[in-house]
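This report refers to the structure that appears directly beneath it.
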Amino acid sequence: ALGRRGAIDEATRAALEEALLAADAGPAAAERLMDEAERRMRADPALDLRHALERGVAQLMGATRARFTPGAERPWVALLVGVNGVGKTTLAGKLAAGFARDGRSTLLVAADTFRAAATEQLEVWASRAGVELVRARDGADPAAVVHDGLSAALARGHEVVLVDTAGRLHTKRNLMAELEKVGRVCARLVPGSPHHVLLVLDATLGQNGLQQAREFQRATPITSLAITKLDGTARGGAVLAIADQLKLPVSVVGLGEGLDDWQPFDPEAFARGLFE
Amino acid sequence: ALTDRLQGIAKRLTGQGKLTPENIRESLRDVRRALLEADVEVAVARDLVARVEARAVGDEVLRSLTPGQQVVGIVREELESLLGHAPVTLAGSPHVPTVVLLAGLQGSGKTTFAGKLARWLGGRDKRVMLASADVHRPAAIDQLARLAGMAEAGFWRAPEGAAPEAIAGGALDEARRRGFDFLVLDSAGRLQIDEPMMAELETLRRASRAHQVLLVMDGMTGQEAVRVGRAFAGRVGVDGLVLTKMDGDARGGAALSLRQATGKPILFLGVGEKLDGLEAFDAARIAGRILG
Ligand SMILES: Nc1nc2c(ncn2[C@@H]2O[C@H](COP(=O)(O)OP(=O)(O)OP(=O)(O)O)[C@@H](O)[C@H]2O)c(=O)[nH]1
Ligand SMILES: Nc1nc2c(ncn2[C@@H]2O[C@H](COP(=O)(O)OP(=O)(O)OP(=O)(O)O)[C@@H](O)[C@H]2O)c(=O)[nH]1
Ligand SMILES: [Mg+2]
Ligand SMILES: [Mg+2]
């Protein structure tokens, strides 16, 4: 049904809507994308429904391009934020390894002072990536660790600082306030930082994604999104509504549990993946 | 919110004067949409709406003075009945220890739940031993060890480099030897499409003689819930479900999807990061939450 050209019958439309919904696009985004695809097909009769949709998705997701790449600032400071268990710590390790491989002096900061064995977990990744790690001194809170981390980066001349923060539900006012504080601490030590705030989202995320992005945006302006666990069957369609309504771009995708399992975001590949 | 949406549907239906199967069907499209917004899986939502429709086109609604309210009530009832009424407790086996094996996707909250379950059972005077067969995730075993301390549960660590199967068997031996009532065995997060890892899970089940395999799923999971639930249930067998991170504002439609897909009871809800963040499942509360 996805390859049909010309007029769209009800069965085709339904099958296509189902594919979008199964990918977590949500009914509103699915409807919008379908209507837009139909308009596209009327304008170009050579186009079939599937390709019209892929084009629409690629355009939506490619509208704002974002790379997770250091700017000219030194040190260039990035924060990884997001709800619990989405893959922030793992991604921090992967990204650090990438920068180190590119010859950039990189520092990881273990700012999750709450969760059991969070620092130990990041320590393993730092060693795998071949980068230094700044961890909390006894009883320190996240703001203090970030302060230490940025001070160390300034003193040692690191090019890139990646700050791994604790998972937090956006509904927890105190934890979101903690994140705001971390942002302020960054700015005090390195004016203009954090230079990139990466909101990490799990590909299995449903319709709660838009609310997550909205709330995190209020605590620290989000620069770009990361979608993790795209090596599973989940398609990460929740980002469609976020791209549409908040204009936030995706910069990076996670594709597994190993050090190299990540890629820069590719809107066309993402669009194709929704209908595969 | 689905409730507001349903109220709107109710008003419109009642305001339409002559109630017909056609206008009921149209309002049911709205119901389906609202369910999808709550993360109920497509086929599950379609199924639920079909049940509601079968009842809604009957005399019960057509003769009612407030047909709209009638439809809303039917949606609520069908939702609750699908979620399951009777509170189900974690089945203790006559053997000692009762072995509970945790399984699920990466990051769903298994390790944290292991600690929570240990604390829950400990509070009911059960002696619990925790062990981890997760040799994949960095510091996973350290994480569980720390939680065991916080839950005041027993903890057994296999020798460095032990394979998951040996850990499962060793933990069982240790729990038996020391007379624990429960052994809660944590496993690595895994994709249901990862064949070697699903085979590992089967091995864990066999080697630990697990009485209960609990599928631990993130409460904000979207459409994936059915696919994942079916795969785990089909491959290794699932005896009960746990939904985590329900202290967020995700509507929790995955609960309905999982229940439909596996036919298994939802036992617990994770409602916080600390070990006291655990509640027994309450169908009425979750139905209300999905309804918004
Ligand atoms: N399959 C797959 N698993 C991933 C990916 N990224 C992370 N994971 C796994 O997801 C789980 C959670 O990853 P973490 O890095 O601990 O997630 P987190 O966001 O730091 O978690 P918290 O700090 O507890 O909030 C781990 O088992 C990771 O190995 C990915 O791209 N694919
Ligand atoms: N807010 C909240 N956070 C939770 C809940 N359950 C677990 N978490 C958090 O979710 C994150 C992941 O939990 P883990 O227990 O490490 O998840 P896991 O399934 O063992 O992860 P893997 O072993 O990597 O597959 C951690 O940050 C936990 O603190 C819950 O009910 N509410
Ligand atoms: Mg982490
Ligand atoms: Mg774990």
Side-chain angles (χ1 to χ4, degrees), chain A residues 17-28 30-31 83-90 93 114-125 127-128 166-172 175 201-209 211-212 215 228-229 231-238 254 256-257, chain B residues 32-43 45-46 105-112 115 136-147 149-150 188-194 217-228 231 244-245 247-254 272-274:
Chain A
E17 185 198 35
E18 196 121 330
L20 277 171
L21 292 175
D24 284 309
E31 192 171 62
V83 302
N84 308 71
V86 296
K88 300 175 294 299
T89 302
T90 306
F114 170 75
R115 209 208 67 212
T119 302
E120 287 81 343
Q121 183 187 8
L122 192 59
E123 270 174 355
V124 173
W125 283 111
S127 123
R128 285 177 183 176
R168 71 200 67 226
L169 292 185
H170 53 284
T171 46
K172 309 271 163 104
L175 297 182
L201 304 170
D202 192 315
T204 62
L205 177 61
Q207 296 310 295
N208 193 239
Q211 196 53 18
Q212 277 182 30
E215 290 303 318
T228 60
K229 309 177 195 173
D231 47 318
T233 46
R235 297 279 178 258
E257 301 185 76
Chain B
R32 175 175 170 264
R33 183 182 181 112
L35 289 170
L36 292 174
E37 286 168 357
D39 284 328
V40 177
E41 196 260 357
V42 172
R46 191 168 46 227
L105 297 178
Q106 289 87 347
S108 64
K110 299 174 292 299
T111 304
T112 306
H136 304 278
R137 169 171 158 157
I141 302 180
D142 293 333
Q143 183 186 3
L144 188 62
R146 199 147 313 165
L147 295 180
M150 288 157 60
R190 69 202 67 222
L191 298 175
Q192 82 279 10
I193 53 171
D194 185 336
M217 185 154 305
D218 191 322
M220 28 185 155
T221 305
Q223 298 290 308
E224 283 296 290
V226 166
R227 202 174 343 200
V228 172
T244 63
K245 308 174 203 173
D247 43 321
D249 57 5
R251 301 274 292 285
E273 292 189 71
K274 303 212 183 85

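Here is the naming used below: chain letters follow the sequence lines, and residue numbers restart at 1 for every chain.
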State which residue, out of A:N208, A:T204, A:L205, fulfils the side-chain contact (heavy atoms from CB on, under 4.5 Å) condition with B:T221.
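One option only clears the test, and that one is A:T204.
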
Salt bridge (charged side-chain N to carboxylate O under 4.0 Å, His left out) between B:E273 and A:K172: does it pass, once the steps are laid out?
CA-CA 11 Å; B:E273 292 189 71; A:K172 309 271 163 104; 5.2 Å; no

Which region of [X], side chain (C-beta onward) or backbone (N, CA, C, O), has a non-hydrogen atom less than 4.5 Å from a non-hydrogen atom of chain A, or is it both or neither?
{"X": "B:Q192", "answer": "side chain"}
{"X": "B:R46", "answer": "side chain"}
{"X": "B:D247", "answer": "both"}
{"X": "B:L36", "answer": "both"}

Contact leader toward chain A among B:A140, B:A250, B:G189, where contacts are heavy-atom pairs under 4.5 Å
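Of the options given, most contacts go to B:A250.
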
Provide the closest heavy-atom pair for B:T112 versus B:L147 in the form atom of the first, atom of the second, distance.
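The pair with the smallest heavy-atom distance is CA-CD1, 3.8 Å.
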
Let's test your reading of the structure: which of [options] forms the most heavy-atom pairs below 4.5 Å with chain B?
{"options": "A:N84, A:T89, A:V83", "value": "A:N84"}
{"options": "A:V86, A:D231, A:D202", "value": "A:D231"}
{"options": "A:L169, A:T119, A:T90, A:L122", "value": "A:L169"}
{"options": "A:A238, A:A203, A:G232, A:G206", "value": "A:G206"}

For the residue pair A:Q207 and B:R251, establish whether any side-chain heavy-atom pair is separated by less than 4.5 Å.
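Of all side-chain heavy-atom pairs linking B:R251 with A:Q207, none is under 4.5 Å.
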
Are the side chains of B:V228 and B:L105 in contact, using a 4.5 Å heavy-atom criterion?
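B:L105 reaches B:V228 side chain to side chain.
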
Between atom CZ of B:R137 and atom CG of B:L144, what is the distance when rounded to the nearest 0.5 Å?
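B:R137 CZ to B:L144 CG: 11.0 Å, rounded to 0.5 Å.
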
What part of [X] is in contact with chain B, defined as an atom under 4.5 angstrom from a non-hydrogen atom: side chain, backbone, both or neither?
{"X": "A:E120", "answer": "both"}
{"X": "A:A30", "answer": "neither"}
{"X": "A:Q121", "answer": "both"}

Donor-acceptor pair, distance only, cut-off 3.5 Å: does the side chain of B:R146 make one with the backbone of A:A116?
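No, the answer is negative, given that no donor and acceptor are paired below the 3.5 Å cut-off.
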
May I ask you to say whether A:K229 pairs ionically with B:E224, meaning some side-chain N is under 4.0 Å from a carboxylate O?
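Looking at B:E224 together with A:K229, the answer is no, because their closest N to O distance does not fall below 4.0 Å.
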
